[in-house]
Amino acid sequence: MEQHPKSLEAYHLLHNGTLALARAEQNGIRVDMEYVENKLTHMTRQMARKQKQFEESKFYKDWKASQDKEPNTNSPVQLQNFLYNVKGLKPPKLTGTGKGSTDKESLTALNIPELNTHLETKKLKKIRDYLEGFRREQVDGWLHTFFNLHLVISYRSSSDRPNLQNIPKRDKLAKNITRKALYPRLGHQLLEADFSGLEVCIACAYHKDPVMLKYINTGYDMHGDMAKQIFLLDDFDNHKPEHDYLRAATKNGFVFPEFYGDYFGNCAEYLAVQWGELPKGNWTYDQGVMVDGDRTLAKHMIGKGIHSYKMFEEHLKAIEKDFWGKRFKQYARWKERHWHQYQKVGYVDLLTGFRCTGVMTRNDAINYPVQGAAFHCLLWSFIELDRYLQTHNFKSRLIGQVHDSMILDVHPKELDKLTAIITKITTIDLPKFWDWINVPLNVDFEVCGVDKSWADAKKLSI
DNA sequence: GGAACTCGCCAC
DNA sequence: AAACGTGGCGAGTTCC
C-alpha cells in the first residue's frame, strides 16, 4: 500500500497537525503513581488468589497431566491443545487460521465452571496491563503519549507509549480502575469534546443518500426505526429500558456493521445470541432477554411468527435487502460506483485531498475514505483550537485526541468559554472550511470535576 | 537471541 | 459474489 497526500492542502493538514499534536504530547497527562502502585499490589494479590483456586481444580490437574510441562495459563496454544485435542471437545468457534478458539465467547460456550475462574483472572490481568504500561511510560508522574500521523493506512492517527486511544470505557470495572490513574494539572479538570456520529455524517458527503440526509437533518431516530423493524416492535418506545437495550443492539449489531461491510449472517448471530441471549436452534417461550417486563424476547418473536434462529436469520436477510435496496439505495449505488472506480484506477481519493493507492478489498476501498476524512475533521478542529489557545494565552491545554474527540486539561474559569469556542470551531468554522460537508455536525461534552480523575467524566448539558 | 507470526482484547 | 474497517499491546510460539 502506497500512500501520499495528493494536494498541498493535505500536506498542510499533516504538517500543522503534527505540530499541534506534538504540543499535546509535550503537555502530557498526570498519573497518580501512588494509586497505581497500590492498585498494582492489590490486583496482583487478588489475581494470585484466583490463579491458585484455578490451579487446585480438577480441570487444571487434568490439563497438567496431559502435557510434559506445567501448563502456562497465558498460552492459547496450550489451552487449545488440551481442550480440542486431548479432551476432544468441539470448538464453539474457530480462529482466523482455522484452529479452535479460546476466546471468552468460546470458553463461556464450553460451559466448564473452572474456565470461568480462568476468564476472571484474564480480565484482571488485562486491566493490570494498562496500569503497568502507565508505570513504565511515566516520567516523574507524567505521561507523554505519542500521536502518530504516518502509520495508518486510511490516514487516521494512532497512539502509543502508551496508547491513549484504547483506555477501557464500556466495562465499568476496567474503566474505573484504569481511568482513576489519570489526572489533569492541579486545580484543573479534564474535558472531552467528541463529534456525534462523525463517520456516518462524513459518509453522507460521499454518497449523498437523500434518506440518510433526511434522518440526520431532522434528527429522526434511524436506529430506533431499525430496532422496530428487526425486533418487530410495533409500539417501539426508546424511553422503555428494554426497547432502548434492543435499539443499542441494533445500532452496534446491525446498522454499523452493515455500514462497515458486514452481512446479515454475522449480524443475526450477534443480535440473537450475543445480545438477545437466544440459542442457535428452535426457540421456546422462556428464552432470551426481557422485552416488556413480563415476556421474553423468544416469546415475543414467536408471537410474531419467528420461532427459530434460522427464521430470524431469514428475517434479517430480508431486512438487509430492504436496507440497501430501498431505504439507503443511493448509499448502495455510491458503494458500487466507488468500488468500480477503484478497480479501474487502482486508488481511492479522500475529500480532504489524500489518496490511498494499492491492493484493496471492496470493504477497504469503501471504508478508507470515510474513516480518513472523518478523522481529518477532528484534526482540523484540533489545529484550530490549538492555535486559539496559544494566541489567547489560555491556561487550558489540549492533551490528546481519540479519532473523533479532543481531550483537554482545563482551568475551571475557562470551561464555559472553551465549550463555546469548541462548538464554534467544530460546528460552524469546519463546515465553512470544507464546503463538501453536507449535514450539520454536533459535538458532545464530557467533563470531570476539578482535581478528579478521568473516571469521573460526566455528560455536560449546555 | 531476535524477528515474525498468532491469539486475544481494548478503543473508535 | 462475498461477507467487519483502523490501530496498539501483552504473551506465547516458531523460525532462523
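Every chain is numbered from 1 and lettered A, B, ... according to where its sequence line falls, protein lines coming before strand lines.
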Exercise for the section: Considering just the side-chain nitrogens and oxygens of A:Ser158, establish if one lies under 4.0 Å of OP1 or OP2 belonging to C:dG8. Expected result: yes
Would you be so kind as to tabulate the donor-acceptor pairs closer than 3.5 Å made by side chains of residues 116-123 of chain A, with sequence neighbours excluded?
| from | atom 1 | to | atom 2 | distance (Å) |
| --- | --- | --- | --- | --- |
| A:Glu120 | OE1 | A:Lys50 | NZ | 2.7 |
| A:Thr121 | OG1 | A:Thr117 | O | 3.0 |
| A:Lys123 | NZ | A:Asp171 | OD1 | 3.2 |

Practice task
For residues A:Phe254 and A:Phe323, establish whether the separation of their ring centroids is below 6.0 Å.
Solution key: yes
Problem - Given DNA chain C, 5'-ward residue of the pair A:Glu336 and A:Asn363, judged by closest heavy atom - result: A:Glu336
Problem - All ring-ring contact (aromatic ring centres under 6.0 Å, His included) counterparts of A:Phe433, not counting sequence neighbours - result: A:Trp380
Exercise for the section: Please list residues of residues 250-264 of chain A whose heavy atoms come under 4.0 Å from any atom in DNA chain C, ordered by number; otherwise none. Expected result: A:Pro257, A:Tyr260, A:Gly261, A:Asp262, A:Tyr263
Exercise for the section: Quick one: which residue pairs count as a salt bridge (charged side-chain N to carboxylate O under 4.0 Å, His left out) with a foot in residues 136-160 of chain A, not counting sequence neighbours? Expected result: A:Glu137-A:Arg161, A:Arg156-A:Glu199
Fill in the blank from the handout: Contacts of A:His403 meeting ring-ring contact (aromatic ring centres under 6.0 Å, His included) (sequence neighbours excluded), chain-then-number -> none
Practice task
Among B:dC12, C:dG8, C:dA11, find the nucleotide with the atom closest to the side chain of A:Asp404.
Solution key: B:dC12
Exercise for the section: Classify the ring geometry between A:Trp339 and A:Tyr342 as parallel (under 30°), tilted (30 to 60°) or perpendicular (over 60°). Expected result: parallel
Problem - Base-contact (B) and sugar-phosphate-only (S) positions in nucleotides 3-9 of chain B, heavy-atom cut-off under 4.0 Å, - elsewhere - result: ---SSSB
Practice task
In whole angstrom, give me the gap between the C1' atoms of C:dC4 and B:dC9.
Solution key: 16 Å
Handout entry: N or O in side chain of A:Tyr368 less than 4.0 angstrom from C:dG5 OP1/OP2
Key = no
